[in-house]
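Take a look at the structure below.
In what follows, chains carry the letters A, B, and so on, assigned in the order in which the sequence lines appear, proteins first and then strands, with residues in each chain numbered from 1.
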Amino acid sequence: MKVVTWNVNSIRTRLERALRWLEREAPDVLCLQELKCTEEQFPFESLSEVGYTSSVHGQKTYNGVAILSRSEPSDVERGFGDGVEDEQARMISARVAGVRILSLYVPNGSEVGSEKYAYKLEWMQRLREYLERACQPSEPLLLCGDFNVAPDDLDVAQPENWNETVLCHSEVRAALARILDWGLVDSFRQRHPQEVAYTWWDYRNLGFPRNEGLRIDHILATEPLSRRCVDVAIDRNERKGKKPSDHAPLYIILED
DNA sequence: ATGGTTGCTTAGCAA
């Protein structure tokens, strides 16, 4: 089973790329973030024509997440269901082929000390509480998405430029550690303990050509799935060429 | 050098 997470930075702008990529890679599941459209605007038909059913939690202009699957999903949920009034579409979950999958877009946080930063920390705490309330570490579960957190300086091309900013701050790293402590592993880092690799490169300042990136997209797995993991990798090629997203897809292969 | 890029929406915000 191949499961992929990809911040597409607008599904409508990236549609042709996404379709060609799906035809080539044929994953079982594709988690998307930053759709930047409502469910009404989402291209269900085009994706259906290449073999995927889409479960969508959309929002006008910003955010938006989806789970695309070859087989029919069940138990689709949008948001944490924790009673918090929150307009931002950053979480959708579904069960596919016996695996519960979450597609997550963790808030960026803008600047340390801002309202957006406080929202990021609160949102990560709500995710931890959702795990405690609705999930079990013993179940097959994947958290896929743009976490907007580089877990370690090893995951940052120029740590001195990002020191204590929103993607690297000790508080957000601790918040991610709290989520992992519930019963998840960073599948990429488990598979490649020392590898230097990034999933996001800024559009500005020749970030990609200079490989000045950060590893902020992650697939977190519970033990029943980390045990089945045979590969985790970043599709760096998808960041190349005309009109790429600023993020590359990250995938995990699970043996059946 | 207070820069640079992209997307959504239309000049300002978010990333």
Tell me the interatomic distance from A:Tyr62, atom OH, to B:dG7, atom C1', rounded to whole angstroms.
10 Å
On a whole-Å scale, what distance lies between the C1' atoms belonging to B:dG4 and B:dA15?
14 Å
So, is A:Arg14 close to the B:dT6 phosphate, meaning a side-chain N or O under 4.0 Å from OP1 or OP2?
no
With sequence neighbours left out, the residues meeting side-chain contact (heavy atoms from CB on, under 4.5 Å) with A:Gln190 are A:Val185, A:Ser226
Residues in contact with DNA chain B, drawn from residues 33-43 of chain A - heavy-atom cutoff 4.0 Å:
A:Glu34, A:Lys36
Set of side-chain contact (heavy atoms from CB on, under 4.5 Å) partners for A:Glu111, sequence neighbours left out:
A:Ser114
May I ask you to decide whether A:Arg133 forms a salt bridge with A:Glu129, counting only side-chain N to carboxylate O separations under 4.0 Å?
no
Going by the ring-ring contact (aromatic ring centres under 6.0 Å, His included) test, which pairs reach into residues 44-79 of chain A, not counting sequence neighbours?
A:Phe42-A:Phe44
Inspect the contact between A:Arg189 and A:Asp155 and indicate whether a charged nitrogen and a carboxylate oxygen are less than 4.0 angstrom apart.
yes
Please work out which residues in residues 200-211 of chain A have a non-hydrogen atom less than 4.0 Å from an atom of DNA chain B and list them by number.
A:Tyr203, A:Arg204, A:Asn205
B:dT6 OP1/OP2 closer than 4.0 Å to side-chain N/O of A:Ser10:
no
Distance, rounded to the nearest Å, where A:Leu15 contributes CG and B:dG7 contributes P
14 Å
Could A:Glu238 and A:Arg24 be called an ion pair, given the rule that one side-chain N must be under 4.0 Å from one carboxylate O?
yes
Between A:Arg70 and A:Asp28, is the closest basic N to carboxylate O distance under 4.0 Å?
no
Please give, in whole Å, the distance from B:dA15 P to A:Tyr119 OH?
10 Å
Rounded to whole angstroms, how far apart are CG on A:Asn161 and P on B:dG4?
18 Å
Whole angstroms only, please: what is the NZ-P distance between A:Lys120 and B:dA14?
15 Å
Nearest nucleotide by nearest heavy atom, which residue falls closer to the 5' end of DNA chain B, A:Lys243 or A:Gln88?
A:Lys243
In whole Å, measure the gap between the P atoms of B:dG3 and B:dG12 for me.
16 Å
Go through the steps to decide whether A:Gln33 and A:Asp146 satisfy the test side chain to side chain donor-acceptor pair (under 3.5 Å), and finish with yes or no.
CA-CA 7 Å; A:Gln33 300 88 35; A:Asp146 177 358; over 6 Å; no
Presence of A:Lys116 side-chain N/O under 4.0 Å of B:dA14 phosphate oxygens OP1/OP2:
yes
Considering only distance and modelled atom types, tabulate donor-acceptor pairs under 3.5 Å from the side chains of residues 229-236 of chain A, sequence neighbours left out.
{"from": "A:Asp235", "atom 1": "OD1", "to": "A:Asn237", "atom 2": "N", "distance (Å)": "3.4"}
{"from": "A:Asp235", "atom 1": "OD2", "to": "A:Trp21", "atom 2": "NE1", "distance (Å)": "2.8"}
{"from": "A:Arg236", "atom 1": "NH2", "to": "A:Asn211", "atom 2": "OD1", "distance (Å)": "3.2"}

